[in-house]
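Some notes on the structure that comes next.
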Amino acid sequence: MTPAGRREKLSELAPELLDQKKEKKTRERGLRELKNVGDNGVVMRFAPNPSGPLHIGHARAAYLNDYYVRQYGGRYVLRIEDTDPKRVEPENYGMILEDIEWLGLKITDVVYQSDRLDIYYSHCEKLLESGNAYVCTCDSAAFKTMKDNKKPCPCRDQTTEENMSLWEKMLDGTFPEGAATVRVKTGIDLPDPAMRDFSIFRIVETPHFRTDARVYPMMNFSVVIDDYLLGITHVVRGKDHIANTRRQGFIYDYLGWKQPEFYHYGRMSIGGLVLSTSAIKEGIRTGQYSGWDDIRLGTLRAIARRGIQAEAVRNSMIDIGIGQTDIVFSWENLFAENKQIVDPVANRYFFVTNPVKCSIKGAPSVTAKAFLHPNDESRGCRALDFNGKLYAPGDEIRDVSMVRFKDLFNVKIGNEGEKPSFEYSGDSLEDARKEKSPIIQWLPEHGHIKCTLMTPEGKTEGICEETVCNEKDRVVQFERVGFARIDSVSDSGIVAYFAHR
RNA sequence: GCUGAUAUAGUGUAGGGGCCAAUCAUGCCGGCCUUUCACGCCGGCGACUGGGGUUCAAAUCCCCAUAUCAGCACCA
């Protein structure tokens with residue numbers, strides 16, 4: 001029974017089921033509800049540290065939080081966590097902002113932690129004064145040994161006055177880097193070693209280009225202060241922070257503050273890809289990668305360059321959701337999302353690899369018309385002139401006796417001695433179908449341009465239609481090859497980056 | 001080692017005691033449509049980690065095992 005017949009039959013038997021079916025189809029993707037959402041919606045945050053541009057892992061955090069802000073309304077705070085002078089570089093700030101722009105996040109507030117050191121200091125002093133923190137001057141390795149054996153270090157018993165004076169010495173430069181740290185008193189005999197008297201401030205002598213401090217808060221401290229002061233209501237972050245959440249709980253308690261709601265999603269590994277910023281940096285330095293947007297990388301700028309749309313990334317991330325299961329990121333699924341977005345808009349063009357110039361005997365000179373998009377004829381056609389000769393894909397005219405050049409005509413392929421010969425064989429599409437001739441792409445003798453198709457595996461040289469020059473920065477579909485973003489157009493030809501089939 | 005988390009088709013997800021011989025997407029296979037091996041449409045394939053327990057009833061609750069992951073940094 002044909003699909004139409006089925007539908008007709010169903011409408012006779014049970015018309016209400018037709019609607020049901022449609023409903024299923026349009027089911028929209030979504031995430032689970034958040035707990036304790038107030039009348040004013042939510043305040044969420046995205047908090048990258050500026051050690052490099054954003055990558056696909058950041059996109060998950062960014063979009064998950066973004067989703068809820070859009071869902072419930074409220075504010076979305078971008079917080080630049082730049083409290084490690086050793087890992088912040090000026091150019092990264094700009095790249096992060098660009099990446100966020102590309103992602104299309106609904107950011108409402110932007111704060112830099114390096115602007116807020118005084119706030120952290122004053123709250124640290126509160127903890128010191130209430131006896132919930134102390135300045136530890138032990139060697140870090142020695143402390144670790146004591147901590148591992150549930151033994152308190154001598155500094156733990158210092159008086160408030162002693163702690164305050166040591167704190168002053170941290171700030172005024174008396175202590176060199178590494179000589180002192182502030183610890184929260186959580187309990188040195190806690191069953192979980194990760195909870196025991198962890199550090200909340202340290203001395204770093206490396207200069208910071210945005211501030212001239214030498215004492216910096218540790219993430220577990222600054223995050224608590226900021227989340228509370230900025231009114232963050234819900235935090236969605238990776239499960240690598242699950243211990244941090246519990247650590248931060250101590251600080252919330254000591255300060256008498258209520259915690260936001262926390263959600264921790266599972267680890268996401270990205271198959272066959274270098275994500276570590278330090279490794280990428282090294283690769284760029286040695287010339288192994290062309291830059292942060294080298295298409296072999298998982299940075300957002302790299303996947304953007306390949307023609308992956310931000311919306312496709314968003315859909316993928318929402319689809320993955322906030323489950324705590326560890327997952328393997330699927331390029332396949334991302335590509336499918338991207339295709340859904342890009343297919344209706346991408347113009348179609350011919351791309352020919354390994355081009356072979358063919359003279360077609362007995363063929364009339366014609367101008368072929370091919371739709372820019374087969375499902376939207378209103379967009380018009382490309383015109384491809386044929387004047388006796390054309391370029392055919394070398395690999396596809398071997399071992400066949402007849403082909404149809406798409407939108408042109410049929411050609412019989414014979415073998416005269418060593419060289420194949422080509423003979424016009426009519427315009428009839430039916431004939432080609434009858435013969436089961438492959439329908440293949442081709443390019444005019446004049447009116448084509450060199451085109452290099454870049455893929456993560458390497459480059460493919462070929463030629464494509466001249467008018468592709470007008471598609472710079474857009475995604476096109478090279479028929480039977482796949483979708484690609486036109487990256488550059490010059491006299492020497494076109495460079496396109498392959499996205500996916 | 002200690003602490004904690006998680007385990008549903010190849011991949012990602014839904015389902016949180018009976019409506020589950022388990023959802024949806026992707027993938028793969030077959031068909032239809034088509035001057036692309038695209039898109040669209042139709043059909044099919046494919047999974048509850050294992051073992052105990054609770055219960056009339058367990059993918060769902062409990063315990064154990066196994067596996068994986070995370071944290072135990074003066075990084076974030």
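Every chain is numbered from 1, with letters handed out A, B, ... down the list of sequences.
Regarding A:Phe483, its CZ atom lies at a distance of 12 Å from the C1' atom of B:C37, rounded to whole Å. For the pair A:Tyr112 OH and B:A76 P, the computed distance is 18 Å after rounding to whole Å. Atom CZ of A:Phe350 and atom P of B:U35 are 13 Å apart (whole Å). Straight-line distance from the CE atom of A:Met268 to the C1' atom of B:A70: 16 Å, rounded to whole Å. We find that CG of A:Asn338 is positioned 19 Å from P of B:A25, with the value rounded to whole Å. In this structure, A:Arg247 places its CZ atom 8 Å from P of B:A73, rounding to the nearest Å. Regarding A:Lys339, its NZ atom lies at a distance of 14 Å from the C1' atom of B:A25, rounded to whole Å. To the nearest angstrom, C1' of B:G71 lies 12 Å from CZ of A:Arg237.
Looking at heavy atoms from C-beta onward, A:Tyr349 lies in side-chain contact with A:Leu372 at the 4.5 angstrom threshold.
Side chain of A:Arg404, nearest nucleotide from B:C72, B:U36, B:U35: B:U35. Picking from B:C69, B:U35, B:U3 the nucleotide with the shortest atom distance to the side chain of A:Lys406 gives B:U35. Checked against B:U35, B:C37, B:C74, the side chain of A:Arg433 finds its nearest nucleotide in B:U35. In the set B:U35, B:G71, B:A73, B:U35 carries the atom at the smallest distance from any side-chain atom of A:Ile439. Each of B:C37, B:U3, B:U26 was ranked by its minimum atom distance to the side chain of A:Arg480; first place goes to B:C37. Between B:G71, B:U3, B:C39, one nucleotide has an atom nearer to the side chain of A:Arg246 than all others, and that is B:U3. For A:Asp407, taking side-chain heavy atoms from C-beta onward, the closest of the listed nucleotides B:C37, B:U35, B:A38 is B:U35.
Salt bridge A:Asp343/A:Arg348: present, at least one basic N to carboxylate O contact under 4.0 Å. A:Asp189 and A:Arg196 are not joined by a salt bridge, as no carboxylate oxygen comes within less than 4.0 angstrom of a charged side-chain nitrogen. Ion pair A:Glu396/A:Arg480 flagged as a salt bridge, since at least one NZ, NE, NH1 or NH2 atom sits closer than 4.0 Å to an Asp/Glu carboxylate oxygen. Checked for salt-bridge contact, A:Asp192 and A:Arg246 meet the test: a charged N lies under 4.0 Å from a carboxylate O. Salt bridge status for A:Asp66 with A:Arg314: present, with a side-chain N to carboxylate O gap under 4.0 Å.
In the interface, the side chain of A:Glu337 is not paired with the base of B:U26 through any donor and acceptor atom under 3.5 Å apart. At a cut-off of 3.5 angstrom, counting only N and O atoms as typed in the model, there is a donor on one side and an acceptor on the other between the side-chain of A:Arg348 and the base of B:A38.
Figure legend: A:Arg210 and A:Tyr112 shown as a cation-pi pair, the cationic atom lying under 6.0 angstrom from the six-membered ring centre and within 45 degrees of its axis. Geometric assessment of A:Arg116 against the ring of A:Tyr121 yields a negative cation-pi assignment under the 6.0 Å and 45° thresholds. The cationic atom of A:Arg247 (NZ for Lys, CZ for Arg) lies less than 6.0 Å from the six-membered ring centre of A:Phe198 and within 45° of the ring axis.
For the salt bridge (charged side-chain N to carboxylate O under 4.0 Å, His left out) condition, the pairs that include at least one residue of residues 322-334 of chain A, sequence neighbours left out, are A:Lys239-A:Asp326. Screening residues 163-178 of chain A for salt bridge (charged side-chain N to carboxylate O under 4.0 Å, His left out) gives A:Lys86-A:Glu177 as the qualifying pairs, with residues at least two apart or on separate chains.
Of the C1' atoms belonging to B:G12 and B:A47, the separation is 13 Å, rounded to the nearest Å. A gap of 38 Å separates the C1' atoms of B:G44 and B:A5, to the nearest Å. A gap of 13 Å separates the C1' atoms of B:A14 and B:U60, to the nearest Å. Straight-line distance between the C1' atoms of B:A22 and B:G46: roughly 13 Å, to the nearest whole Å. Annotation: B:G15 and B:A21 have their C1' atoms spaced 16 Å apart (nearest Å). Nucleotides B:C41 and B:A9, compared at atom P, are 26 Å apart to the nearest Å. Annotation: B:A7 and B:G16 have their C1' atoms spaced 15 Å apart (nearest Å).
Glycosidic torsion of B:G51 falls outside 90° of 0, placing the base in anti.
Listed by residue number, A:Glu81, A:Thr83, A:Asp84, A:Arg87 are the residues of residues 80-96 of chain A with a heavy-atom contact under 4.0 Å to RNA chain B.
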> How would RNA chain B look in dot-bracket form, 5' to 3', counting Watson-Crick and G-U wobble pairs with both distances under 3.5 Å and writing | for bases paired to another strand?
Replying inline: (((((((..(((.....[.....)))((((((.......))))))...(((((..]....))))))))))))....

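A:Asn49 comes within 4.0 angstrom of the backbone, heavy atoms only, and of no base. Note on A:His373: nothing from the nucleic acid sits closer than 4.0 angstrom, heavy atoms only.
Put simply, A:Lys147 has a side-chain N or O that comes within less than 4.0 Å of OP1 or OP2 on B:A73.
With sequence neighbours left out, A:Glu205 forms a salt bridge (Lys or Arg N to Asp or Glu O under 4.0 Å) with A:Arg214.
Exactly one of A:Phe175, A:Tyr120, A:Phe221, A:Tyr216 qualifies for a ring pair (Phe, Tyr, Trp, His ring centres under 6.0 Å) with A:Phe201. That residue is A:Phe221.
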> Going 5' to 3' along nucleotides 6-13 of chain B, which nucleotides have protein heavy atoms under 4.0 Å from the base (write B), which only from the sugar-phosphate (write S), and which from neither (write -)?
Replying inline: S-S-BBSS

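Here the side chain of A:Trp442 pairs a donor or acceptor atom with the backbone of A:Lys406 at under 3.5 angstrom.
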